[in-house]
Amino acid sequence: EEVIFTLIGVICGHDLPPLKEKPSVAARRYKFLRQSISVTGIGSPTFGAAVEATHCIFDMFQRQFEEGALHVWETPSDQSHPTLLMSNRYLTPRRDALHMEHIPFEAEVDPHGYLESMIKDGYIHGEENNVEYYTQSIKEGKKIFVKSGPQSFRKGDIVEVQVSFVVVPLKEQRYKMMGVLHAIALLDTSFSQEATRKRSMTATIPRTTVVSLKRKVGYETEGQKKKANMDVDE
């Protein structure tokens with residue numbers, strides 16, 4: 001059974017839908033099209049422990065292969081802080097998912113139908129490809145999760161991410177561990193909003209002024225019966 005991990009971090013990079021135009025690549029390369037998000041802890045001990053846990057997962061995986069066959073797991077730095085990259089491909093070749101049912105793309109994910117139009121070329125958007133998006137809200141003193149769209153997320157937002165780790169084959173008997181993105185929940189936008197406000201103020205300041213200027217997948221929404229409690233550490 002697939003294990004889903006949750007971690008909280010700050011968005012330091014993302015490539016989320018919707019697509020602005022249909023990718024001009026050959027149909028055989030549709031399987032490489034992905035959405036992704038990178039998060040960092042900006043020195044948070046909890047996030048540091050999460051990064052360390054990914055290295056432990058890598059150590060367990062590499063014991064299943066010949067020495068050196070599994071590509072080294074990397075957690076690149078952003079402003080000297082480690083980051084984690086998670087992604088999920090939009091489509092899976094139908095030949096690799098014969099028993100998987102197609103899940104139509106939601107309107108906020110594929111408003112122009114670019115991704116859905118690729119299905120006819122021998123692909124499927126199944127449960128393993130589906131990424132869910134939420135926003136945390138407060139109602140009657142309780143935290144709830146409300147379904148949202150991928151356009152809600154900005155660099156600097158604090159999010160909770162649900163991710164699993166898998167090993168995928170490369171060329172010449174080489175393999176790579178990847179973090180597979182399953183869900184993103186927006187927890188706090190105050191930092192990204194403050195950064196936007198500062199950029200806006202800077203743009204209006206005269207040039208003579210100097211200004212110094214960062215598996216259960218998903219969440220239970222209101223009205224759903226809770227099967228398990230999830231603590232969200234802000």
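Heads up: numbering here begins at 1 and tracks the sequence.
The side-chain heavy atoms of Thr54 and Phe58, taken from C-beta on, include no pair separated by under 4.5 Å. Contact annotation: the side chain of Val159 approaches that of Leu186 to within less than 4.5 Å [non-hydrogen atoms, C-beta and beyond]. Contact of the Val131 side chain with the Val109 side chain is not registered, since no non-hydrogen atoms from C-beta on lie closer than 4.5 Å. Within the 4.5 Å cutoff, no side-chain heavy atoms of Gln162 are placed close to those of Phe5. Side-chain atoms of Pro17 and Tyr90, non-hydrogen and from C-beta on, do get closer than 4.5 Å to each other. No side-chain heavy atom of Ile144 sits under 4.5 Å from any side-chain heavy atom of Gln136. Counting heavy atoms from C-beta on, the side chains of Ile184 and Ile37 come closer than 4.5 Å. Taking 4.5 Å as the limit, some side-chain heavy atom of His55 sits within range of a side-chain heavy atom of Trp73.
Between the side chain of Arg154 and the main chain of Gln151, a donor-acceptor pair closer than 3.5 Å is present. Under a 3.5 Å cut-off, the side chain of Asp110 and the backbone N or O of Leu115 do form a donor-acceptor pair. When atom types are taken as modelled, the side chain of Glu116 and the backbone of Phe105 share a donor-acceptor pair closer than 3.5 angstrom. Side-chain N or O atoms of Thr75 include none that pairs as donor or acceptor with a backbone N or O of Leu84 at under 3.5 Å. The closest donor-acceptor contact from the side chain of Asn88 to the backbone of Glu128 lies under 3.5 Å. Between the side chain of Lys120 and the backbone N or O of Ser117, at least one donor-acceptor pair lies under 3.5 Å. With Thr83 contributing its side chain and Val39 its backbone, the two residues share no donor-acceptor pair below 3.5 Å. The main-chain N or O of Thr46 is found under 3.5 Å from a side-chain atom of Ser44 such that the two form a donor-acceptor pair. Asp188 places a side-chain N or O within donor-acceptor distance of the main-chain N or O of Ser190, the cut-off being under 3.5 Å. Checking side-chain atoms of His182 against main-chain N and O of Val163 turns up no donor-acceptor pair under 3.5 Å.
Other residues sharing the hydrophobic cluster of Met100, ordered by chain and number and joined by side-chain separations under 4.5 Å: Ile124. In the hydrophobic clustering (ILVMFWY side chains linked at under 4.5 Å, chained through shared members), Leu85 stands by itself.
Looking only at atom types and distance, the side chain of Thr92 has a donor-acceptor partner in the side chain of Asn129 under 3.5 Å away. Side chains of Tyr134 and Glu132: a donor on one and an acceptor on the other come within 3.5 Å. Side-chain contact of Glu127 with His102: a donor-acceptor pair under 3.5 Å is absent, judged by distance alone. Side-chain N/O atoms of Ser38 and His14 include no donor and acceptor closer than 3.5 Å.
Ring pair Tyr175/Phe65 is tilted by interplanar angle, where 30° to 60° counts as tilted.
Environment of NZ in Lys22: crowded, with over 12 heavy atoms of neighbouring residues, nucleotides or ligands closer than 6.0 Å.
Of all the heavy atoms in Glu21 and Tyr114, the pair that sits closest is CA-CE1, 3.4 Å. Met118 and Pro23 make their closest contact through CE-CD, 3.3 Å (heavy atoms, listed as atom of the first residue, atom of the second, distance). The two residues Thr40 and Pro82 come nearest to each other via the heavy atoms OG1-O, 3.0 Å.
In this structure, CG on Asp157 lies 5.0 Å from CD1 on Ile11, to the nearest 0.5 angstrom. Rounding to the nearest 0.5 angstrom, the gap separating the CG atom in Leu91 from the NE2 atom in His125 is 7.5 Å. Between Phe153 atom CZ and Ser148 atom OG the span is 4.5 Å, to the nearest 0.5 Å. The line from CG of Leu33 to OG of Ser87 is 11.5 Å long, rounded to the nearest 0.5 Å. A distance of 12.0 Å separates CG of Leu70 from CD of Glu66, quoted to the nearest 0.5 Å. One distance of note links CG of Leu7 with CZ of Phe47; it measures 6.0 Å at 0.5 Å rounding.
In this structure, Val180 is not a member of the same hydrophobic cluster as Met60, with clusters built from ILVMFWY side-chain heavy atoms closer than 4.5 Å. Taking hydrophobic clusters as Ile, Leu, Val, Met, Phe, Trp and Tyr residues chained together by side-chain heavy-atom distances below 4.5 Å, Val166 does not share a cluster with Val3.
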request  = Check step by step if side-chain contact (heavy atoms from CB on, under 4.5 Å) holds for Met178 and Phe165.
outcome  = CA-CA 6 Å; Met178 299 183 65; Phe165 294 92; over 6 Å; no

inquiry  = Using the rule given for side-chain contact (heavy atoms from CB on, under 4.5 Å), can you reason through Ile158 versus Thr189, listing the C-alpha separation, both sets of side-chain angles and the distance that settles it, and then say yes or no?
reply    = CA-CA 7 Å; Ile158 299 177; Thr189 64; over 6 Å; no

Verdict with supporting geometry, Tyr123 and Lys31, side-chain contact (heavy atoms from CB on, under 4.5 Å) = CA-CA 8 Å; Tyr123 289 87; Lys31 63 181 179 181; 3.9 Å; yes

task = Please test Arg89 against Phe32 for side-chain contact (heavy atoms from CB on, under 4.5 Å), starting from the C-alpha separation and ending with a verdict.
result = CA-CA 7 Å; Arg89 57 185 181 177; Phe32 298 116; over 6 Å; no

